[in-house]
Novice: 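Below you'll find the structure I mean.
These values consider heavy atoms only, across backbone and side chains, with no hydrogens, waters or symmetry-generated copies. Throughout, protein chains are lettered first and strands after them, A, B, ... in sequence-line order, and every chain is numbered starting at 1.
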There are 2 protein chains.
Amino acid sequence: MRTEKKKRATKRRSGPPPTAKKLAIRRENVARILEAAEAVFATRGFSGATTAEIAERAGIPKPNLHYYFRTKQALYRAVLDDILTLWLDATSSIVAEAEPKAALRAYIEAKMAYSRTRPFASKVFANELLHGAPAVKGFLGGAMRRLVDDKAKVIEGWIAAGRLQPIDPHHLFFVLWAATQTYADFDAQITAVLGKRSLGEADFAQAAETVSALVLRGLGLKA
Amino acid sequence: MRTEKKKRATKRRSGPPPTAKKLAIRRENVARILEAAEAVFATRGFSGATTAEIAERAGIPKPNLHYYFRTKQALYRAVLDDILTLWLDATSSIVAEAEPKAALRAYIEAKMAYSRTRPFASKVFANELLHGAPAVKGFLGGAMRRLVDDKAKVIEGWIAAGRLQPIDPHHLFFVLWAATQTYADFDAQITAVLGKRSLGEADFAQAAETVSALVLRGLGLKA
DNA sequence: GTCTATAGCGCGATAGAC
DNA sequence: GTCTATCGCGCTATAGAC
């Protein structure tokens, strides 16, 4: 998944080429840049983001950013890579052996927690999808599609066993993604309509409760 | 709501200042520009969009675009204005006198139809929200908030009358918006996961059916 | 009202001293 | 490995001939 694979451009020396100390500095700087970039890409979009703002937010001079990531595109790809990994991990509760009600509730809560704790990641991904997914089309049609097909099979198994009301499992996933990610992606709308300055723990708890209630009862898993 | 209010910059003459013919040309050109701009802002975002591409898509020379809309910002505002009007109209089925099940089904179908027929409008709005809604904050906290509060009262009335399972009406709306708009905004993801080139009538019908079934049963409105 | 030609500038990227 | 100084492109916007 990793896109960035730094090629050493400097003259080689004998012995262990990068000292432990330099490696630590590099790791620290790369982490700071990725974090800053996620925030800036989230709020400005790819075209609206400037490398100057990212560098400033990361607390490093602009040319150093270009030293670690040669182009803005490369940096963007690296940010997306991190996000895609997150995304795949969230589905882990959906397995055939699980109890449907608990598994779906856990999935909703995991996705909602991700919206709460990693809103920038959600927004960068949303922005990428919104503009036609030029950088992640391969991933969507590949790894993600296979994973979703797998999980859909699990749901179909539950339906066949009469443990769930019949439903199209793919569309069920689309609704779950939308309903949970909307609290990160479109928080500007939600806070404005609720008349709040920002969303807190309580709002996310209420949101998770509402989505769970609707979906679980909608699938016949609740009185 | 109209942001644009053209100020005549040319020398005035006696008689009816703009002839009927010129007015028609203006109307035609403005409409072409707005349509093109909606598409380009949807696919590229505000910063990514170029006035050159909009002009080309509208079939007019670039400087003419600046003649009708002095700045890119002004054009963007005009596009948003149209979209906000659309948005408000969709809630018309939610009224106290209506039968809850039919009203909610109609709302879901109206929003889904809007995703199918005006995907660019949905995307422009989504993009605006995603980046903090700088241009529509006032609208969200004003007209939209009042409308949603109104409609939430209707839902609460239905709940109080025992016609609906208790639910937080605001969060219900957030879920409905998310579940329907996702088919326009994130179509890149949906088509990739479904392995299709694009979404057709049948896909939107299936989507509306899934959302309706989940939500209506989730609210206790269906066996 | 139309369009060519260009001004002006913000931004990504890099050269080159340290 | 760091950072100042700068290049050059691509964009918005406009001047001015038609």
Novice: Could you give the CG-to-C1' distance, from B:L65 to C:dT2, as a whole number of Å?
Specialist: 13 Å
Novice: Write down the distance between CZ (B:R44) and P (D:dT12), rounded to a whole number of angstrom.
Specialist: 12 Å
Novice: Would you mind reading off the distance between A:I33 atom CD1 and D:dC3 atom P, rounded to a whole angstrom?
Specialist: 12 Å
Novice: Is the A:F174-A:H171 ring centre distance short of 6.0 angstrom?
Specialist: yes
Novice: Looking only at side-chain N and O atoms, does A:T50 come under 4.0 Å of OP1 or OP2 in C:dC11?
Specialist: no
Novice: Take atom CZ of B:R26 and atom P of C:dT2, then tell me their distance rounded to the nearest Å.
Specialist: 9 Å
Novice: Less than 4.0 angstrom between a side-chain N/O of A:R70 and OP1 or OP2 of C:dG12, yes or no?
Specialist: no
Novice: So A:W177 and A:W87, would you call those rings parallel, tilted or perpendicular, with 30° and 60° as cut-offs?
Specialist: perpendicular
Novice: D:dT12, D:dT2, C:dA13: which one has an atom nearest the side-chain heavy atoms of A:Y67?
Specialist: D:dT2
Novice: Among C:dA13, C:dC3, D:dC11, which is the nearest nucleotide to the side chain of B:P63?
Specialist: C:dC3
Novice: Quick one: do A:E28 and A:R32 make a salt bridge, cutoff under 4.0 Å?
Specialist: yes
Novice: Heavy atoms from C-beta onward define the side chain here; which of C:dT2, C:dA13, D:dA13 lies closest to that of B:K72?
Specialist: D:dA13
Novice: Please determine whether a side-chain nitrogen or oxygen atom of A:H66 lies at a distance below 4.0 Å from atom OP1 or OP2 of C:dA13.
Specialist: yes
Novice: Assign B:A49 to base, sugar-phosphate, or nothing according to its heavy-atom contacts below 4.0 angstrom with the strands shown.
Specialist: sugar-phosphate
Novice: Taking the basic N atoms (NZ, or NE/NH1/NH2) and the acidic carboxylate oxygens, is any pair closer than 4.0 Å for A:E201 and A:R116?
Specialist: yes
Novice: I need the CD-C1' distance between B:Q73 and D:dC11, as an integer number of Å.
Specialist: 15 Å
Novice: Determine: side-chain N/O of B:N29 to OP1/OP2 of C:dG1, distance under 4.0 Å, yes or no.
Specialist: no
Novice: In this structure, how many angstroms lie between the P atom of C:dG12 and the CD atom of A:E56, rounded?
Specialist: 13 Å
Novice: Expressed as a whole number of angstroms, how long is the span from A:I60:CD1 to C:dA13:P?
Specialist: 14 Å
Novice: B:K62 or B:I25: which one's nearest nucleotide on DNA chain C is closer to the 5' end?
Specialist: B:I25
Novice: For B:L75 and D:dT12, give me the distance from atom CG to atom P, rounded to whole Å.
Specialist: 11 Å
Novice: Phosphate oxygens OP1/OP2 of C:dA13: is one of them under 4.0 Å from a side-chain N or O of A:Y68?
Specialist: no
Novice: Ion pair present between B:E56 and B:K62, side-chain N to carboxylate O less than 4.0 angstrom?
Specialist: no
